Protein chains: 2
Amino acid sequence: MSSETIWPDEVFSDLDRNGPVPLYYQVASRLERAIRSSVIPAGSRLENEISIAQRLGMSRPTVRRAIQELVDKGLLVRRRGIGTQVVQGQVSRPVELTSLYDDLQSTSHEPTTRTLLHAIIPAPEEIAEQLRIAEGTDVLHLRRVRRSDGTPVAILENYLPAPFTDIAEDDLDTRGLYQVLRARGVAIRVANQAISARRAKGDEADLLGISRGGPVLTTERVVFNDAGEVVEYGIHCYRPDLYRFETTLVAK
Amino acid sequence: MSSETIWPDEVFSDLDRNGPVPLYYQVASRLERAIRSSVIPAGSRLENEISIAQRLGMSRPTVRRAIQELVDKGLLVRRRGIGTQVVQGQVSRPVELTSLYDDLQSTSHEPTTRTLLHAIIPAPEEIAEQLRIAEGTDVLHLRRVRRSDGTPVAILENYLPAPFTDIAEDDLDTRGLYQVLRARGVAIRVANQAISARRAKGDEADLLGISRGGPVLTTERVVFNDAGEVVEYGIHCYRPDLYRFETTLVAK
DNA sequence: AGCGTTTGAATGACATGACAATATGTCGAC
DNA sequence: GTCGACATATTGTCATGTCATTCAAACGCT
């Protein structure tokens, strides 16, 4: 049974070999779109790499790299000696290095933010440790409530070291923290994050509109920039009935 | 300032070019070990790819691939025109496609399991939907308590379709579910997982040894094999004070 | 009909070579 | 002294070629 997918040529009709976008990336994007829109159906087998390369007029490593991108995303499965196959079941976007603001925005909700606290304080011991700075150094302490279409979904607490302590409160009303940081030229690269849960404490229940002592989903995150310096330490808590982390895990 | 790391030759002393282990993988492993043990200190710059390749007697693509592995893991940061740098801050193991059993085992705790329920039932609507099978088809329903050094940490509820409905209760006492599946030749590849939180309900609080109505961390997971078939649907809940998901996020 | 072997097809790994894009540092003109 | 142009270093992209490894199906033998 040679159930190979011969996809419509339109899938790869508008490749731009001179533009700045890498070829492998163009191929990967178009393939992904074709898969997600079921132009290439789930479970079907792809052509082999060599003939794809020939048909698209490019080398095998380029095709391989494009396919590899989608394998890493969990959209395709490769088996040596067999071929490459589209996985069954839709793939969810992985937990990405974006702020909640971006998340909500991209899912066509309208995020709004209310700043509860915006102050420069000397860093307590635990904060200083996370930020890899000396205890007592000035840091910007933020506490905000994030709403989606008017409903509170999260309480965001952030600590930022110099040189970001001068971020204005106004900036954070219309844009997410990460957008502000990016606009200041900060290239965010890696972050260590921990997800857990606990009881709502203090005023959290009231702010989120849940019952006192009810459960909240928590994340703790240390964000690094290009040069490996700590950019931000954030402790967030979410309404678990409105928010959950979806991710696609891929075995290596 | 040319702060290049000239690492000890021992780091790459025992490369085996004839063995079955790929060269790039050997290089990546040794590099990772050297970084994690601070033989190559955090923040230091690596040699450029070409001279590494020359010094190790291999081609640049091979070295590139090795470095790429660690970039994907968040251990290294590359900047065009600049070089490759070790990131500050330790990297935590990402949320992997392993069972809790493997997790606990690898962190040198002693996991034990008590099976509360081991029955074959006709699949209810929601379960059938998740498993992509017809409603009413026989599935294996498992409910287990996982302990670490005697302390209960999680309640694991799993649903398995044919041909895995015959998994014996005994097998699950000494090994994790995924180990059992692997032993049966199942190649697990991708999974969709969602993490959230809720109140403990029913007997969960008692089983976990927490207060009634207290918060639990929950995961919901659909696991696919090589061929894209659903292997398992799992709903787990964890004691949030004893368990959290740590992961390193890497921006693309 | 059943079982072991062979063969073909596909991905995996690695080498070599070339050019492009980008950041940094240097040098010179103003 | 400051700013811009240029040279240099380094990673990014892409092509071509070769051999190894693995799986499945066809084949042949019993």
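If you're wondering where the values come from, they're calculated on a predicted model, not measured in any experiment. Reminder, nothing fancy here: chain letters follow the sequence lines and each chain counts from 1.
Closest contact between the side chain of B/S59 and the listed nucleotides D/dC14, C/dC14, C/dT11 involves C/dC14. When the nucleotides C/dT11, D/dT13, C/dA13 are ranked by their closest atom to the side chain of B/R60, D/dT13 comes out on top. The side chain of A/P61 approaches D/dT16 more closely than any other nucleotide in the set C/dG12, D/dT16, D/dT13. The listed nucleotides are D/dC14, C/dG12, D/dT11; the one nearest the side chain of A/L23 is D/dC14.
Going from atom CD of A/E69 over to atom P of D/dC14 covers 11 Å, rounded to whole Å. In this structure, the CD atom of A/Q54 is 13 Å from the P atom of D/dA15, given to the nearest Å. Per the geometry, OH belonging to A/Y25 stands 18 Å off P belonging to C/dA21, to the nearest Å. Rounded to an integer number of Å, the gap from CG of A/L56 to C1' of D/dC14 is 14 Å. Between A/R45 atom CZ and C/dA10 atom C1' there is a gap of 9 Å when expressed in whole angstrom units. The nearest whole Å value for the distance from the CD1 atom in B/I50 to the P atom in D/dG12 is 12 Å. Rounding to whole angstrom units, CG of residue B/L15 and P of C/dC14 are separated by 11 Å. In this structure, B/R64 places its CZ atom 15 Å from P of C/dA15, rounding to the nearest Å.
Looking at residues two or more places apart in sequence or on another chain, you find a side chain to side chain contact (heavy atoms under 4.5 Å, CB included) between B/E69 and B/Y24, B/A28, B/R65. Legend: residues meeting ring-ring contact (aromatic ring centres under 6.0 Å, His included) with B/Y233, ordered by chain and number and at least two apart, are absent. Checked against salt bridge (Lys or Arg N to Asp or Glu O under 4.0 Å), B/E220 has the following partners two or more places apart in sequence or in another chain: A/R244. Considering only residues two or more places apart in sequence or on other chains, B/R78 meets the salt bridge (Lys or Arg N to Asp or Glu O under 4.0 Å) condition with B/E49. Residues passing the side-chain hydrogen bond (donor to acceptor under 3.5 Å, both in side chains) test with B/T62 are B/S59, sequence neighbours excluded.
For the pair B/E49 and A/P22, nearest-nucleotide mapping onto DNA chain D gives the more 5' position to B/E49.
A heavy atom closer than 4.0 Å to some atom of DNA chain D occurs in B/R78, B/R79, B/R80, B/G81, B/I82, B/G83, B/T84, these being the qualifying members of residues 76-86 of chain B.
A donor-acceptor contact shorter than 3.5 Å links the side chain of A/Q85 to the backbone of A/G43. The backbone N or O of A/V222 sits nowhere less than 3.5 Å from a side-chain atom of A/Q130 that would complete a donor-acceptor pair.
A/Y24 has no side-chain polar atom (N or O) that falls below the 4.0 Å cut-off from OP1 or OP2 of D/dC14. Dashed line: the shortest gap from a side-chain N or O of B/T62 to OP1 or OP2 of C/dA13 is not under 4.0 Å.
In this structure, B/R65 reaches the sugar-phosphate backbone alone: every heavy-atom distance under 4.0 Å involves primed, P, OP1 or OP2 atoms, never a base.
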